[in-house]
Amino acid sequence: MSTAGKVIKCKAAVVWEPKKPFSIVEIEVAPPKAHEVRIKILASGICRSDDHVLSGALIVNFPIILGHEAMGVVESVGEGVTSVKPGDKVIPLFLPQCEKCSFCIHPKGNLCEKADFGIPTGLMYDGTSRFTYKGQPIYKFVSTGTFTEYTVVHEDAVAKIDAAAPPEKVCLIGCGFSTGYGAAVNSAKVEPGSTCAVFGLGGVGLSTVMGCKAAGASRIIGVDINKDKFPKAKQLGATECVNPLDFKKPINEVLFDMTDGKGVDYSFEVIGRTDTMMAAMTSCNINYGTSVIVGVPPSASEITFSPGLIFSGRNWKGSLFGGWKSKDSVPRLVSDFMQKKFVLDPLITHTMPFDKINEGFELLRSGKSIRTVLVF
Ligand code: PAD
Ligand code: ZN
(Lines give C-alpha, C1' and ligand atoms only; values in the text may rest on other atoms or scores of the structure.)
(Ligands and ions follow the chains in the order given, each with its own letter.)
Protein backbone atom coordinates (compact mmCIF):
# COMPACT_ATOMS: atom_id res chain seq x y z
CA MET A 1 0.00 0.00 0.00
CA SER A 2 1.35 3.42 -0.93
CA THR A 3 2.60 5.62 1.91
CA ALA A 4 2.47 8.78 -0.22
CA GLY A 5 0.57 11.59 1.45
CA LYS A 6 0.55 9.80 4.81
CA VAL A 7 2.58 10.22 7.98
CA ILE A 8 5.23 7.46 8.19
CA LYS A 9 6.21 6.04 11.58
CA CYS A 10 9.81 4.80 11.54
CA LYS A 11 12.99 4.36 13.53
CA ALA A 12 15.37 7.30 13.93
CA ALA A 13 18.50 7.98 15.99
CA VAL A 14 17.74 11.11 18.01
CA VAL A 15 20.27 13.14 20.01
CA TRP A 16 18.55 14.97 22.86
CA GLU A 17 21.54 16.98 24.09
CA PRO A 18 25.33 17.24 23.50
CA LYS A 19 27.63 14.57 24.92
CA LYS A 20 24.77 12.05 25.14
CA PRO A 21 24.48 8.89 22.99
CA PHE A 22 21.92 8.44 20.23
CA SER A 23 18.61 6.91 21.22
CA ILE A 24 16.74 4.93 18.62
CA VAL A 25 13.08 5.85 18.89
CA GLU A 26 9.97 5.73 16.75
CA ILE A 27 9.31 9.11 15.13
CA GLU A 28 6.64 10.43 12.79
CA VAL A 29 7.76 11.75 9.40
CA ALA A 30 5.21 14.05 7.77
CA PRO A 31 4.62 13.93 4.00
CA PRO A 32 6.67 16.31 1.86
CA LYS A 33 5.17 19.77 1.23
CA ALA A 34 5.56 21.65 -2.07
CA HIS A 35 9.10 21.33 -3.51
CA GLU A 36 10.07 18.76 -0.88
CA VAL A 37 11.09 15.12 -1.24
CA ARG A 38 10.62 12.24 1.22
CA ILE A 39 13.47 9.72 1.03
CA LYS A 40 13.81 6.17 2.39
CA ILE A 41 17.42 6.01 3.52
CA LEU A 42 19.37 2.90 2.45
CA ALA A 43 22.84 3.71 3.82
CA SER A 44 24.42 6.54 5.82
CA GLY A 45 28.11 7.05 6.63
CA ILE A 46 29.45 8.40 9.91
CA CYS A 47 31.44 11.64 9.45
CA ARG A 48 33.38 13.65 12.04
CA SER A 49 31.06 16.61 11.39
CA ASP A 50 28.24 14.63 13.07
CA ASP A 51 30.55 13.98 16.01
CA HIS A 52 31.38 17.72 16.27
CA VAL A 53 27.71 18.19 17.26
CA LEU A 54 27.88 15.40 19.84
CA SER A 55 31.11 16.80 21.34
CA GLY A 56 29.58 20.28 21.56
CA ALA A 57 32.10 21.82 19.11
CA LEU A 58 29.29 22.70 16.68
CA ILE A 59 26.27 24.51 18.09
CA VAL A 60 22.88 23.33 16.81
CA ASN A 61 19.29 23.11 18.02
CA PHE A 62 18.28 19.99 19.97
CA PRO A 63 16.73 17.42 19.81
CA ILE A 64 18.26 16.65 16.43
CA ILE A 65 18.58 13.92 13.83
CA LEU A 66 22.20 13.97 12.60
CA GLY A 67 23.65 12.27 9.50
CA HIS A 68 24.39 13.91 6.16
CA GLU A 69 26.36 11.35 4.09
CA ALA A 70 23.69 9.05 2.70
CA MET A 71 22.00 7.38 -0.21
CA GLY A 72 18.34 6.48 -0.48
CA VAL A 73 15.31 6.04 -2.68
CA VAL A 74 12.56 8.62 -3.20
CA GLU A 75 9.36 7.47 -1.46
CA SER A 76 7.17 10.43 -2.48
CA VAL A 77 7.43 14.03 -3.63
CA GLY A 78 5.53 17.22 -2.89
CA GLU A 79 3.81 19.45 -5.40
CA GLY A 80 6.03 21.07 -8.01
CA VAL A 81 8.99 18.70 -7.68
CA THR A 82 10.46 18.10 -11.14
CA SER A 83 14.03 16.83 -10.71
CA VAL A 84 13.20 13.51 -8.95
CA LYS A 85 10.26 11.10 -8.79
CA PRO A 86 9.26 8.18 -6.52
CA GLY A 87 11.60 5.22 -6.99
CA ASP A 88 14.62 7.33 -8.04
CA LYS A 89 17.91 6.56 -6.29
CA VAL A 90 19.25 9.75 -4.73
CA ILE A 91 21.94 11.32 -2.57
CA PRO A 92 20.79 14.04 -0.12
CA LEU A 93 22.93 17.21 -0.32
CA PHE A 94 24.13 18.78 2.95
CA LEU A 95 25.15 21.75 0.82
CA PRO A 96 22.13 22.45 -1.42
CA GLN A 97 22.23 23.98 -4.89
CA CYS A 98 19.15 26.14 -5.49
CA GLU A 99 20.46 27.28 -8.90
CA LYS A 100 19.01 30.77 -8.31
CA CYS A 101 21.07 32.55 -5.63
CA SER A 102 24.15 34.69 -6.33
CA PHE A 103 26.56 31.90 -5.30
CA CYS A 104 24.81 29.27 -7.44
CA ILE A 105 24.77 31.59 -10.46
CA HIS A 106 28.46 32.50 -10.09
CA PRO A 107 30.64 30.07 -12.03
CA LYS A 108 33.04 29.63 -9.10
CA GLY A 109 30.47 29.62 -6.28
CA ASN A 110 29.13 26.60 -4.39
CA LEU A 111 27.97 28.10 -1.06
CA CYS A 112 24.25 28.10 -1.86
CA GLU A 113 22.33 30.75 0.13
CA LYS A 114 19.92 28.00 1.16
CA ALA A 115 22.69 26.15 3.06
CA ASP A 116 21.80 25.70 6.74
CA PHE A 117 25.25 26.66 8.10
CA GLY A 118 26.39 29.45 10.43
CA ILE A 119 23.53 29.66 12.88
CA PRO A 120 21.68 26.55 11.72
CA THR A 121 17.89 26.40 11.94
CA GLY A 122 17.59 22.63 11.54
CA LEU A 123 14.24 23.27 9.80
CA MET A 124 12.69 23.23 6.34
CA TYR A 125 12.56 26.56 4.41
CA ASP A 126 9.08 27.31 5.86
CA GLY A 127 10.51 27.22 9.40
CA THR A 128 8.87 23.93 10.40
CA SER A 129 10.10 20.35 10.78
CA ARG A 130 8.76 17.20 9.13
CA PHE A 131 10.04 15.10 12.08
CA THR A 132 8.12 14.76 15.34
CA TYR A 133 8.47 12.52 18.39
CA LYS A 134 5.21 12.21 20.31
CA GLY A 135 4.20 15.56 18.81
CA GLN A 136 7.49 17.31 19.68
CA PRO A 137 9.40 18.70 16.64
CA ILE A 138 12.86 17.26 16.03
CA TYR A 139 15.48 19.29 14.15
CA LYS A 140 17.64 17.97 11.31
CA PHE A 141 21.32 18.46 10.59
CA VAL A 142 22.56 20.56 7.62
CA SER A 143 19.49 20.31 5.33
CA THR A 144 19.58 16.49 5.44
CA GLY A 145 19.25 14.46 8.73
CA THR A 146 19.86 10.90 7.52
CA PHE A 147 20.21 8.78 10.68
CA THR A 148 16.57 7.82 10.23
CA GLU A 149 14.69 5.35 8.05
CA TYR A 150 12.92 8.27 6.32
CA THR A 151 13.82 11.94 5.94
CA VAL A 152 12.35 14.92 4.09
CA VAL A 153 14.59 17.38 2.25
CA HIS A 154 14.00 20.33 -0.06
CA GLU A 155 14.33 19.55 -3.76
CA ASP A 156 17.43 21.80 -3.77
CA ALA A 157 19.09 19.32 -1.41
CA VAL A 158 18.80 16.08 -3.34
CA ALA A 159 20.44 14.72 -6.50
CA LYS A 160 19.28 11.81 -8.65
CA ILE A 161 22.02 9.25 -9.28
CA ASP A 162 22.62 6.05 -11.27
CA ALA A 163 20.10 3.47 -10.00
CA ALA A 164 22.74 0.72 -10.18
CA ALA A 165 25.12 2.44 -7.72
CA PRO A 166 25.75 0.48 -4.48
CA PRO A 167 24.19 2.46 -1.57
CA GLU A 168 26.70 1.39 1.09
CA LYS A 169 29.55 2.79 -1.03
CA VAL A 170 28.28 5.82 -2.93
CA CYS A 171 26.82 7.33 0.23
CA LEU A 172 30.40 8.60 0.75
CA ILE A 173 29.95 10.81 -2.33
CA GLY A 174 27.38 12.70 -0.22
CA CYS A 175 30.19 14.05 1.96
CA GLY A 176 33.58 12.54 2.83
CA PHE A 177 34.92 11.52 -0.55
CA SER A 178 33.70 14.55 -2.51
CA THR A 179 34.82 16.99 0.20
CA GLY A 180 38.36 15.66 0.46
CA TYR A 181 38.95 14.91 -3.22
CA GLY A 182 37.47 18.22 -4.39
CA ALA A 183 39.60 20.18 -1.89
CA ALA A 184 42.64 19.02 -3.88
CA VAL A 185 41.32 19.12 -7.45
CA ASN A 186 38.93 22.10 -7.25
CA SER A 187 39.86 24.32 -4.30
CA ALA A 188 43.66 24.01 -4.35
CA LYS A 189 43.93 23.02 -8.04
CA VAL A 190 46.98 20.87 -7.24
CA GLU A 191 49.38 20.76 -10.19
CA PRO A 192 51.38 17.84 -11.56
CA GLY A 193 54.80 17.47 -9.93
CA SER A 194 53.85 19.44 -6.82
CA THR A 195 54.45 18.62 -3.16
CA CYS A 196 51.42 18.38 -0.87
CA ALA A 197 50.89 17.87 2.87
CA VAL A 198 47.59 16.52 4.19
CA PHE A 199 46.98 17.08 7.91
CA GLY A 200 44.48 14.47 9.21
CA LEU A 201 44.15 11.07 7.56
CA GLY A 202 40.52 10.23 8.31
CA GLY A 203 37.91 9.55 5.62
CA VAL A 204 38.05 13.12 4.33
CA GLY A 205 41.86 13.52 4.53
CA LEU A 206 42.46 10.20 2.74
CA SER A 207 40.14 11.45 -0.01
CA THR A 208 42.33 14.58 -0.22
CA VAL A 209 45.35 12.29 -0.60
CA MET A 210 43.51 10.58 -3.49
CA GLY A 211 42.74 13.98 -5.05
CA CYS A 212 46.39 15.09 -4.80
CA LYS A 213 47.48 11.85 -6.43
CA ALA A 214 44.90 12.14 -9.23
CA ALA A 215 46.10 15.71 -9.86
CA GLY A 216 49.64 14.38 -10.38
CA ALA A 217 51.39 15.51 -7.18
CA SER A 218 54.81 13.89 -6.96
CA ARG A 219 55.14 14.09 -3.15
CA ILE A 220 52.20 13.68 -0.78
CA ILE A 221 53.10 13.89 2.90
CA GLY A 222 50.45 12.59 5.32
CA VAL A 223 50.43 14.15 8.80
CA ASP A 224 48.57 12.49 11.66
CA ILE A 225 49.07 11.82 15.38
CA ASN A 226 47.66 8.30 14.91
CA LYS A 227 50.30 6.24 13.08
CA ASP A 228 47.74 3.47 12.49
CA LYS A 229 46.40 5.71 9.69
CA PHE A 230 49.70 5.60 7.75
CA PRO A 231 49.45 2.25 5.87
CA LYS A 232 46.09 3.17 4.31
CA ALA A 233 47.38 6.66 3.44
CA LYS A 234 50.35 5.09 1.64
CA GLN A 235 48.05 2.65 -0.16
CA LEU A 236 46.02 5.61 -1.45
CA GLY A 237 48.96 7.73 -2.61
CA ALA A 238 50.88 9.27 0.32
CA THR A 239 54.60 9.05 -0.43
CA GLU A 240 55.61 9.71 3.21
CA CYS A 241 53.81 10.01 6.55
CA VAL A 242 54.88 11.91 9.64
CA ASN A 243 53.63 11.97 13.21
CA PRO A 244 54.04 15.42 14.83
CA LEU A 245 54.44 13.68 18.20
CA ASP A 246 57.71 12.09 17.00
CA PHE A 247 59.47 15.48 16.72
CA LYS A 248 60.66 18.12 19.17
CA LYS A 249 60.29 20.82 16.49
CA PRO A 250 56.91 22.18 15.43
CA ILE A 251 55.56 20.19 12.47
CA ASN A 252 55.72 23.17 10.06
CA GLU A 253 59.49 23.32 10.64
CA VAL A 254 59.73 19.56 10.06
CA LEU A 255 57.93 19.98 6.73
CA PHE A 256 60.28 22.84 5.75
CA ASP A 257 63.25 20.57 6.56
CA MET A 258 61.71 17.81 4.42
CA THR A 259 61.37 20.19 1.43
CA ASP A 260 64.86 21.82 1.46
CA GLY A 261 63.54 24.90 3.24
CA LYS A 262 60.89 25.66 0.60
CA GLY A 263 57.76 24.41 2.32
CA VAL A 264 55.09 22.43 0.51
CA ASP A 265 53.22 23.78 -2.51
CA TYR A 266 49.81 22.79 -1.12
CA SER A 267 48.74 21.98 2.43
CA PHE A 268 45.34 20.85 3.68
CA GLU A 269 43.93 20.92 7.21
CA VAL A 270 41.45 18.06 7.39
CA ILE A 271 41.03 17.79 11.18
CA GLY A 272 39.02 20.79 12.41
CA ARG A 273 41.38 22.42 14.96
CA THR A 274 42.70 25.98 14.95
CA ASP A 275 46.25 24.93 15.96
CA THR A 276 46.53 22.53 13.01
CA MET A 277 45.01 25.14 10.67
CA MET A 278 47.92 27.43 11.60
CA ALA A 279 50.42 24.58 11.35
CA ALA A 280 49.16 23.65 7.87
CA MET A 281 49.20 27.27 6.65
CA THR A 282 52.75 27.87 7.94
CA SER A 283 53.92 24.63 6.28
CA CYS A 284 53.32 25.86 2.75
CA ASN A 285 55.68 28.01 0.71
CA ILE A 286 55.73 31.56 2.04
CA ASN A 287 55.28 33.07 -1.44
CA TYR A 288 53.42 30.74 -3.80
CA GLY A 289 52.06 28.12 -1.36
CA THR A 290 48.34 27.47 -0.93
CA SER A 291 46.78 26.15 2.26
CA VAL A 292 43.19 24.91 2.33
CA ILE A 293 41.03 24.60 5.47
CA VAL A 294 38.73 21.58 5.09
CA GLY A 295 38.24 20.64 8.77
CA VAL A 296 35.16 22.28 10.29
CA PRO A 297 36.27 24.91 12.82
CA PRO A 298 34.54 24.74 16.23
CA SER A 299 31.67 27.29 16.51
CA ALA A 300 32.96 30.69 17.69
CA SER A 301 36.66 29.74 17.42
CA GLU A 302 39.17 32.41 16.42
CA ILE A 303 42.74 32.53 15.11
CA THR A 304 45.13 35.43 15.72
CA PHE A 305 48.10 35.55 13.36
CA SER A 306 50.67 37.92 11.92
CA PRO A 307 49.48 39.26 8.54
CA GLY A 308 53.11 38.93 7.41
CA LEU A 309 52.45 35.19 7.13
CA ILE A 310 50.19 35.76 4.12
CA PHE A 311 51.33 39.25 3.01
CA SER A 312 54.31 37.44 1.51
CA GLY A 313 52.03 35.89 -1.10
CA ARG A 314 50.73 32.71 0.52
CA ASN A 315 47.12 31.77 -0.24
CA TRP A 316 44.93 30.66 2.66
CA LYS A 317 41.44 29.52 1.84
CA GLY A 318 38.62 27.24 2.88
CA SER A 319 36.74 24.55 1.01
CA LEU A 320 33.12 23.49 1.47
CA PHE A 321 32.04 20.18 -0.03
CA GLY A 322 35.25 20.18 -2.05
CA GLY A 323 34.17 23.24 -4.01
CA TRP A 324 31.64 21.18 -6.01
CA LYS A 325 28.28 22.62 -7.04
CA SER A 326 26.43 19.79 -5.36
CA LYS A 327 23.36 19.00 -7.46
CA ASP A 328 25.34 19.22 -10.72
CA SER A 329 28.40 17.32 -9.52
CA VAL A 330 27.12 14.46 -7.33
CA PRO A 331 25.51 12.52 -10.23
CA ARG A 332 28.72 12.94 -12.25
CA LEU A 333 30.89 11.76 -9.34
CA VAL A 334 28.67 8.67 -8.98
CA SER A 335 29.10 7.97 -12.74
CA ASP A 336 32.86 8.38 -12.37
CA PHE A 337 32.82 5.87 -9.50
CA MET A 338 30.77 3.42 -11.58
CA GLN A 339 33.35 3.84 -14.38
CA LYS A 340 36.08 2.99 -11.81
CA LYS A 341 37.75 6.41 -12.07
CA PHE A 342 38.32 6.29 -8.28
CA VAL A 343 37.79 3.82 -5.45
CA LEU A 344 35.73 4.08 -2.27
CA ASP A 345 36.26 0.62 -0.74
CA PRO A 346 39.52 1.46 1.11
CA LEU A 347 37.71 4.27 2.96
CA ILE A 348 35.03 1.93 4.32
CA THR A 349 36.43 -0.03 7.26
CA HIS A 350 33.13 -0.98 8.90
CA THR A 351 29.56 -1.64 7.77
CA MET A 352 26.90 -2.29 10.41
CA PRO A 353 23.16 -2.16 10.97
CA PHE A 354 21.69 1.29 11.68
CA ASP A 355 20.78 0.42 15.28
CA LYS A 356 24.49 -0.07 16.12
CA ILE A 357 25.05 3.67 15.52
CA ASN A 358 26.57 4.29 18.98
CA GLU A 359 29.15 1.55 18.33
CA GLY A 360 29.97 3.22 14.98
CA PHE A 361 30.69 6.54 16.71
CA GLU A 362 32.85 4.79 19.33
CA LEU A 363 34.99 3.37 16.51
CA LEU A 364 35.46 6.90 15.07
CA ARG A 365 36.39 8.40 18.45
CA SER A 366 38.85 5.62 19.26
CA GLY A 367 40.61 6.14 15.89
CA LYS A 368 39.89 2.54 14.85
CA SER A 369 37.67 3.29 11.85
CA ILE A 370 37.97 5.37 8.71
CA ARG A 371 34.35 5.34 7.55
CA THR A 372 31.62 3.27 9.20
CA VAL A 373 28.57 2.91 6.97
CA LEU A 374 25.22 2.22 8.64
CA VAL A 375 22.85 0.16 6.53
CA PHE A 376 19.08 0.21 6.93
P1 PAD B 1 38.35 11.87 11.24
O2 PAD B 1 38.16 12.08 12.68
O3 PAD B 1 38.04 10.55 10.63
O4 PAD B 1 39.85 12.25 10.83
C5 PAD B 1 40.60 13.23 11.48
C6 PAD B 1 42.06 12.74 11.57
O7 PAD B 1 42.81 13.77 12.18
C8 PAD B 1 42.24 11.48 12.43
O9 PAD B 1 42.97 10.51 11.71
C10 PAD B 1 43.01 11.99 13.66
O11 PAD B 1 43.91 11.02 14.18
C12 PAD B 1 43.74 13.19 13.09
N13 PAD B 1 44.11 14.18 14.09
C14 PAD B 1 43.39 14.57 15.18
N15 PAD B 1 44.07 15.53 15.85
C16 PAD B 1 45.22 15.74 15.17
C17 PAD B 1 46.35 16.60 15.38
N18 PAD B 1 46.39 17.44 16.40
N19 PAD B 1 47.35 16.56 14.47
C20 PAD B 1 47.32 15.70 13.42
N21 PAD B 1 46.28 14.85 13.19
C22 PAD B 1 45.27 14.88 14.05
O23 PAD B 1 37.49 13.02 10.52
P24 PAD B 1 36.91 13.14 9.02
O25 PAD B 1 37.95 12.71 8.07
O26 PAD B 1 35.53 12.57 8.97
O27 PAD B 1 36.72 14.73 8.94
C28 PAD B 1 37.84 15.59 9.02
C29 PAD B 1 37.40 17.04 9.20
O30 PAD B 1 36.74 17.47 8.00
C31 PAD B 1 36.38 17.24 10.33
O32 PAD B 1 36.66 18.46 11.00
C33 PAD B 1 35.07 17.32 9.58
O34 PAD B 1 34.10 18.00 10.34
C35 PAD B 1 35.52 18.10 8.36
C36 PAD B 1 34.57 18.09 7.22
N37 PAD B 1 34.50 19.19 6.44
C38 PAD B 1 33.63 19.27 5.40
C39 PAD B 1 33.62 20.49 4.54
O40 PAD B 1 32.71 20.65 3.69
N41 PAD B 1 34.61 21.36 4.68
C42 PAD B 1 32.81 18.20 5.09
C43 PAD B 1 32.94 17.05 5.86
C44 PAD B 1 33.80 16.98 6.92
ZN1 ZN C 1 30.48 15.04 6.51
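As the structure is a prediction and not an experimental result, all values here were calculated from the model. Sequence positions, counted from 1, serve as the residue numbers for this chain. Atoms within each ligand, like the ligands themselves, are counted from 1 in listed order. Only this structure's heavy atoms are used, side chains among them; waters, hydrogens and symmetry mates stay out.
The nearest protein atom to atom 5 (C) of ligand 1, hydrogens excluded, is given as Val270 O, 4.0 Å; this is a heavy-atom distance. The closest protein non-hydrogen atom to atom 32 (O) of ligand 1 is Ile271 O, 2.7 Å. In this structure, atom 4 (O) of ligand 1 lies nearest to the protein heavy atom Gly202 CA, 3.3 Å. From the protein, the heavy atom lying nearest to atom 38 (C) of ligand 1 is Thr179 CG2, 3.5 Å. Regarding atom 30 (O) of ligand 1, its nearest protein heavy-atom neighbour is Gly295 CA, 3.6 Å. What sits closest to atom 11 (O) of ligand 1 on the protein, heavy atoms only, is Asp224 OD1, 2.7 Å. Scanning the protein for heavy atoms near atom 34 (O) of ligand 1, the closest one is Ser49 OG, 2.8 Å. In terms of protein heavy atoms, atom 2 (O) of ligand 1 is closest to Arg48 NE, 2.6 Å.
The atoms of ligand 1 that sit less than 4.0 Å from any heavy atom of Gly272 are 32 (O). Near Arg273, meaning under 4.0 Å from one of its heavy atoms, ligand 1 places the atoms 15 (N), 18 (N). Less than 4.0 angstrom separates some heavy atom of Leu320 from each of these atoms of ligand 1: 40 (O). Within the listing of ligand 1, atoms 24 (P), 26 (O) sit less than 4.0 angstrom from a heavy atom of Arg371. Of all the atoms in ligand 1, the ones that sit under 4.0 Å from a non-hydrogen atom of Gly200 are 6 (C), 7 (O). Atom numbering of ligand 1 starts at 1 in the shown order; those under 4.0 Å from a heavy atom of His52 are 31 (C), 32 (O), 33 (C), 34 (O). For ligand 1 and Lys229, the ligand atoms under 4.0 Å from any heavy atom of the residue are 8 (C), 9 (O). Under a 4.0 Å criterion applied to the non-hydrogen atoms of Cys47, ligand 1 contributes the atoms 43 (C), 44 (C).
For Pro244, the heavy-atom gap to ligand 1 stays at 4.0 angstrom or more.
Between His68 and ligand 1, no N or O atom pair is found at a separation short of 3.5 Å. For ligand 1, the polar-atom distance check finds an N/O of Val204 within less than 3.5 Å of one of the ligand's N/O atoms. Taking distance alone, with nitrogen or oxygen atoms compared against 3.5 Å, Ser319 approaches ligand 1 more closely than that limit. Checking only distances, Thr276 never comes within under 3.5 Å of ligand 1, N or O to N or O. Here's the thing with Val294: one of its N/O atoms is less than 3.5 angstrom from an N/O atom of ligand 1. Looking at ligand 1, you won't find any N or O of Leu364 less than 3.5 Å from one of its N or O atoms. By the 3.5 Å distance cut-off applied to N or O atoms, Ile370 is not counted among the residues near ligand 1. Note: an N/O pair closer than 3.5 Å links Phe321 and ligand 1 by distance alone. Of the polar atoms of Cys175, none of the N or O atoms is found under 3.5 Å from an N or O of ligand 1, judged by distance alone.
In this structure, the ring of Phe177 has its center less than 6.0 angstrom from the ring center of Phe342. Ring pair Phe22/Phe361: centre-to-centre distance below 6.0 Å. Aromatic pair Phe94/Phe321: ring centres closer than 6.0 Å.
Of the candidates Val296, Val204, Val270, Thr179 forms a side chain to side chain contact (heavy atoms under 4.5 Å, CB included) with just one, namely Val204.
Closest non-hydrogen pair, Phe376 versus Thr148, comes out as CE2-O, 3.4 Å. Taking both residues in full, the closest heavy atoms of Ala197 and Leu255 are given as CB-CD1, 4.2 Å, listed atom of the first, atom of the second, then distance. Nearest heavy-atom pair across Phe131 and Lys140 is CE1-CB, 3.7 Å. When all heavy atoms are compared, the tightest approach of Ser326 to Leu93 is OG-CD1, 3.6 Å.
Ion pair Glu75/Arg38 flagged as a salt bridge, since at least one NZ, NE, NH1 or NH2 atom sits closer than 4.0 Å to an Asp/Glu carboxylate oxygen. Salt-bridge formation is detected for the pair Lys169/Asp345: a Lys NZ or Arg NE/NH1/NH2 atom is positioned less than 4.0 Å from an Asp or Glu carboxylate oxygen.
Expressed to the nearest 10°, the angle at the Zn ion (ligand 2) joining NE2 in His68 with SG in Cys47 is 110°.
A side-chain donor-acceptor contact under 3.5 Å links Thr208 to the backbone of Gly180.
By the 6.0 Å contact criterion, NZ on Lys229 is enclosed, its count of non-hydrogen atoms from other residues, nucleotides or ligands being greater than 12. Lys20 NZ: 12 or fewer foreign heavy atoms inside a 6.0 Å radius. Open room surrounds NZ on Lys356; 12 or fewer heavy atoms of other groups in view lie less than 6.0 Å from it. By the neighbour-count criterion of 12 heavy atoms within 6.0 Å, atom CG of Leu245 is densely surrounded, having more than that number from other residues, nucleotides or ligands.
The side-chain tip of Lys114 points at the ring of Tyr125 from less than 6.0 angstrom away and within 45° of straight on.
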